[in-house]
Amino acid sequence: MTVDAPLVLVVDDDESIRDLVSVKLEIAGYRTVTAPDGRTALSLVHRVRPDLVILDIAMPGLDGLSVCYRMHDDPATAGIPVIMLSGCATETDVDLAFVSGAVEYFAKPVRPADLVRRVRWLLRARPERINAIPDITAGVRGTVR
């Protein structure tokens, strides 16, 4: 893992889940920082500016939905993708996660390989990387119909 490897914030009130997700991400080459609750997560998001956040929904105090909503309501952190993890997978739970700003939702237990694969895909699709792709239509005249 290098210093310029993407940084992932892992937030879960269950220490064993935080540790498992962090270890799997580190093995895959990512740097990680962890938080046990929503308030700590919001503080870290502003302090360390992670490239992606993996966020549990059901936590004491400030829950994951509130953290995600606050992140995406703040222009300074709105562009950070959030993957939600939850022990609940009802249609309402999933809808609330996406409404709050999440880009992905996994029900627990999650296969670590699936989570790492999704992290990799989301970080490759970041807007600054997409914007770096040359515009092949530059200088082309006409209208696309």
Side-chain angles (χ1 to χ4, degrees), residues 1-138 144-145:
M1 176 176 17
T2 64
V3 176
D4 59 342
L7 178 64
V8 179
L9 171 59
V10 179
V11 187
D12 201 303
D13 58 326
D14 184 330
E15 184 177 11
S16 63
I17 292 174
R18 277 194 321 267
D19 291 346
L20 173 66
V21 171
S22 293
V23 165
K24 294 298 184 179
L25 288 168
E26 289 167 3
I27 289 169
Y30 298 98
R31 295 177 299 136
T32 64
V33 62
T34 63
D37 57 65
R39 293 205 187 286
T40 305
L42 275 179
S43 173
L44 283 170
V45 162
H46 286 95
R47 217 171 52 229
V48 303
R49 302 288 181 181
D51 295 291
L52 184 137
V53 176
I54 297 175
L55 185 59
D56 182 26
I57 290 180
M59 294 183 291
L62 193 61
D63 67 20
L65 294 171
S66 299
V67 171
C68 190
Y69 180 81
R70 289 182 187 188
M71 283 178 60
H72 289 91
D73 194 43
D74 181 345
T77 57
I80 301 171
V82 174
I83 295 175
M84 290 286 202
L85 294 180
S86 178
C88 301
T90 68
E91 188 175 332
T92 301
D93 293 321
V94 175
D95 288 346
L96 285 172
F98 288 121
V99 166
S100 73
V103 296
E104 185 59 87
Y105 187 101
F106 281 97
K108 294 177 187 175
V110 60
R111 289 186 49 221
D114 293 339
L115 185 59
V116 169
R117 188 176 305 108
R118 195 59 173 169
V119 166
R120 187 174 294 122
W121 186 87
L122 286 168
L123 290 175
R124 284 184 183 149
R126 293 291 304 265
E128 61 270 15
R129 292 190 179 138
I130 291 170
N131 291 336
I133 297 171
D135 182 2
I136 61 170
T137 63
V144 177
R145 296 177 193 220

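The figures here come from the full heavy-atom set of this structure, side chains too, leaving out hydrogens, waters and symmetry mates. Each residue takes its place number in the sequence, starting with 1. None of the values given here were measured: they were computed from a predicted structure.
- The CG atom of L96 sits 10.5 Å away from the OG atom of S86 when rounded to the nearest 0.5 Å.
- Closest approach of A41 to V67, counting heavy atoms only: CB-CG1, 4.4 Å.
- For R118, the salt bridge (Lys or Arg N to Asp or Glu O under 4.0 Å) criterion is met by E104, not counting sequence neighbours.
- Looking at residues two or more places apart in sequence or on another chain, you find a side chain to side chain contact (heavy atoms under 4.5 Å, CB included) between I27 and V23.
- With a 4.5 Å cut-off on side-chain heavy atoms, V8 and P50 do not count as touching.
- Within a 6.0 Å sphere centred on OH of Y69, other residues, nucleotides and ligands contribute 12 heavy atoms or fewer.
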*How far apart are the C-alpha atoms of I54 and V11, what are their side-chain angles, what is the distance that settles it, and do they pass the side chain to side chain contact (heavy atoms under 4.5 Å, CB included) test?*
CA-CA 6 Å; I54 297 175; V11 187; over 6 Å; no

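- For T40 and D37, the side-chain atoms include at least one donor-acceptor pair closer than 3.5 Å.
- Nearest approach of V116 to A28, heavy atoms of both residues: CG1-CB, 3.6 Å.
- Proximity of P6 to R31: side-chain heavy atoms (C-beta onward) are nowhere separated by under 4.5 Å.
- Side-chain atoms of I83 and L55, non-hydrogen and from C-beta on, never get closer than 4.5 Å to each other.
- Applying the side chain to side chain donor-acceptor pair (under 3.5 Å) test to pairs two or more places apart or on separate chains, those with a residue in residues 41-50 are S43-R47, H46-D74.
- Applying the salt bridge (charged side-chain N to carboxylate O under 4.0 Å, His left out) rule to pairs touching residues 57-70 yields nothing, sequence neighbours excluded.
- Nearest heavy atoms, G101 versus C68: C-SG, 3.6 Å.
- Of the inter-residue distances, the one linking Y105 atom OH with D95 atom CG reads 10.0 Å to the nearest 0.5 angstrom.
- Scanning for side-chain hydrogen bond (donor to acceptor under 3.5 Å, both in side chains) contacts around D19 gives an empty result, with sequence neighbours left out.
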_With side chain to side chain contact (heavy atoms under 4.5 Å, CB included) as the criterion, how do V119 and Y30 come out once you've worked through the C-alpha distance, each side chain's angles and the decisive distance to 0.1 Å?_
CA-CA 10 Å; V119 166; Y30 298 98; 4.0 Å; yes

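- Annotation: the span from S100 atom OG to M84 atom CE amounts to 3.5 Å, rounded to 0.5 Å.
- Within the model, atoms CZ of R39 and CG of L42 stand 8.0 Å from one another, a figure rounded to the nearest 0.5 Å.
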_For a side chain to side chain contact (heavy atoms under 4.5 Å, CB included) check, start with the C-alpha distance between L25 and V10, then their side-chain angles and the critical distance, and finish with the verdict._
CA-CA 10 Å; L25 288 168; V10 179; 4.0 Å; yes

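- Distance alone, capped at 3.5 Å, is enough to place a donor-acceptor pair between the S22 side chain and the R18 backbone.
- Looking at L7 and T32, their side chains never come closer than 4.5 Å, going by heavy atoms from C-beta outward.
- Residues H72 and T77 fail the side-chain proximity criterion, which asks for heavy atoms closer than 4.5 Å.
- For residues 106-115, the set of pairs meeting the salt bridge (charged side-chain N to carboxylate O under 4.0 Å, His left out) definition, not counting sequence neighbours, comprises D12-K108, D56-K108, R111-D114, D114-R117.
- Taken from CG in L122 to CD1 in I80, the straight-line distance is 13.5 Å, to the nearest 0.5 Å.
- Put simply, OG1 on T34 and CG on L44 are 8.0 Å apart, with the number rounded to the nearest 0.5 Å.
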